[in-house]
Amino acid sequence: MNFHEYQAKELFDDYGIPVPDGRVARTPDEAVLAAQSLGGQMWVVKAQVHAGGRGKAGGVKLVRTRAEVREQAKQMLNMKISTYQTGGLSLPVDSVLIAEATDIVKELYLSALIDRVNRCVTFMGSAAGGVDIEQVAATEPEKIVTVNVDNVAGFQSYQARQMGFGMGLSSKHVRQLTGIMAALYRLFMDKDLSLLEVNPLIIDGDDNLMALDAKINMDDNAMFRHPDLAAMRDEAQEDPTEAAASRHGLNYVTLDGNIACMVNGAGLAMATMDVVKLNGGEPANFLDVGGGTNAERVKEAFKLILAGENVDAILVNIFGGIVRCDLISEGIIAAVTEVGVDVPVVVRLEGTRVDEGRRLLSDSGLAIITASDLNDAARKVVAAANHAENGVEQ
Ligand code: GDP
Ligand code: MN
């Protein structure tokens, strides 16, 4: 689960990590009131969307008057922002953060993430912070300092010194960095985060370190332990199909290909995608309808799949271990009839009451292609998808 910058900064503040004073606003009027209550001569208006790269997309503006606060807030609240981090989506700006503008002497980079190779939390830092850190990582990786935190010992002060001196900071800033990294690590562990990024971490006009931007990501599997954080979820920022799936208890991830897969069980879903690829196809999604699925969920799953724009064929691969194949067939028939599926559907069923299930499909009169096993199913769906695609091109 992703958070807005203002939410992440509230958490930073709770943990004693210095952030500029700010208020969130949902209308231009609220933005002006926010600036008034903050006081000062200069503010920054920041579009709140679940993505970085806002600065370059016109979502971060420095302003000097209340009229400008209103004007920028008004513009941003009408915007949809799409950056290199939004994965093809345009995210609506439903709120803006109004913060006191900070003088920047230097922009640094600091992040923490779950390092799957080293099986620990790893901090990454760089003196070359700011908006182009991806460029630095690609062309000058030696400018990035990494520190692995031992899972048992936890974060140690000497690691902040390694990081700070590695980034070329002064003793004073290294001392401040030590406090910040220790607090970030506590936050990371307490809240079951999977990613935390401060870009930029700045040296401000008073020569102190401060988190000017804040991005955090929480492990969805830990959401039940954090009702306070779960309440911060903003579905308007999520892929609409993925959000609808999670409401129906379906595991859905949009992918780049054109063959939609509907499978019960995550392991079978992975195997299905592998076999589709082996046969020269590209999956349009990962969809696990759950081990003990039912007709209703199969129907919802069809709706989700058909909401995707690039689907040229659908492969249904259900193993009836806990569920009965005849009930799944009823679900498929109901879905295809009700939802109006206009792409080829290949179905491979196996397990309890498979004969009844197959008979229902063939008696339905619907143009469903049945398959005898997984490889047969993959071959047929790839052929059907290629045919559909070529049909459009000719
Ligand atoms: P991002 O583009 O989505 O990562 O948004 P950031 O919050 O990181 O802002 C982008 C850039 O805007 C920063 O790297 C700064 O250079 C600039 N910026 C943001 N807030 C301030 C501020 O308070 N004062 C100044 N001078 N620049 C700011
Ligand atoms: Mn940033």
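Numbering starts at 1 and runs along the sequence shown. When a ligand or atom number is given, it counts from 1 through the structure's own listing order. Since we're looking at a predicted model, the values are computed, not measured.
Among the backbone and side-chain atoms of E197, none of the N, O or S atoms lies under 2.8 Å from the Mn ion (ligand 2).
For the residue pair S194 and D219, no side-chain donor N or O sits within less than 3.5 Å of a side-chain acceptor on the partner. Between the side chains of T102 and D204, not a single donor N or O lies within less than 3.5 Å of an accepting N or O. For the residue pair Y15 and D190, a side-chain donor N or O sits within less than 3.5 Å of a side-chain acceptor on the partner.
Of all atoms in ligand 1, numbered sequentially from 1 with element shown, those under 4.0 Å from a heavy atom of G52 are 3 (O). The ligand atoms of ligand 1 that sit less than 4.0 angstrom from a heavy atom of V60 are 5 (O), 9 (O), 12 (O), 19 (C). Atom numbering of ligand 1 starts at 1 in the shown order; those under 4.0 Å from a heavy atom of V44 are 20 (N), 23 (O). Listed by atom number, the atoms of ligand 1 under 4.0 Å from I104 heavy atoms are 15 (C), 25 (C), 26 (N), 27 (N), 28 (C). Atoms of ligand 1 lying under 4.0 Å from any heavy atom of L212, numbered from 1 in the order shown and given with element: 18 (N), 19 (C), 20 (N), 21 (C), 28 (C). The atoms of ligand 1 that sit less than 4.0 Å from any heavy atom of P200 are 8 (O), 14 (O). Counting the atoms of ligand 1 from 1 in the order shown, those under 4.0 Å from a heavy atom of A101 are 23 (O).
Looking at R233 and E238, a side-chain N of the basic residue comes within less than 4.0 Å of a carboxylate O on the acidic one, giving a salt bridge. Contact check on E300 versus R247 returns no salt bridge, with no Lys/Arg side-chain nitrogen under 4.0 Å from an Asp/Glu carboxylate oxygen. Taking the charged nitrogens against the carboxylate oxygens, R26 and D94 have no contact shorter than 4.0 Å, which rules out a salt bridge.
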Margin query: Could you go through I98 and L38, starting from their C-alpha distance and side-chain angles, then the distance that decides it, and tell me whether this counts as side-chain contact (heavy atoms from CB on, under 4.5 Å)?
Written below: CA-CA 9 Å; I98 312 298; L38 286 166; 4.1 Å; yes
Could you check Q237 against V49 for side-chain contact (heavy atoms from CB on, under 4.5 Å), going step by step and ending with a plain yes or no?
CA-CA 7 Å; Q237 298 290 318; V49 289; 3.5 Å; yes
side-chain contact (heavy atoms from CB on, under 4.5 Å) between V341 and L306, worked out
CA-CA 8 Å; V341 182; L306 290 165; 3.6 Å; yes
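Separating the CD atom in E282 from the CG atom in D256 is a distance of 8.0 Å, to the nearest 0.5 Å.
Taking the N/O/S atoms of D213 in turn, the shortest distance to the Mn ion (ligand 2) belongs to OD2.
Heavy-atom proximity to atom 5 (O) of ligand 1, evaluated over M42, E107, R54, is greatest for R54. Across D213, V45, T102, T83, heavy-atom proximity to atom 26 (N) of ligand 1 is greatest for T102.
Where the criterion is an N or O separation shorter than 3.5 Å, residue side chain and backbone included, G53 meets it with respect to ligand 1. Here's the thing with E100: none of its N/O atoms is less than 3.5 angstrom from an N/O atom of ligand 1. Between G55 and ligand 1, at least one pair of N/O atoms sits closer than 3.5 Å.
With a 4.0 Å cut-off on non-hydrogen atoms, K56 does not touch ligand 1 at all.
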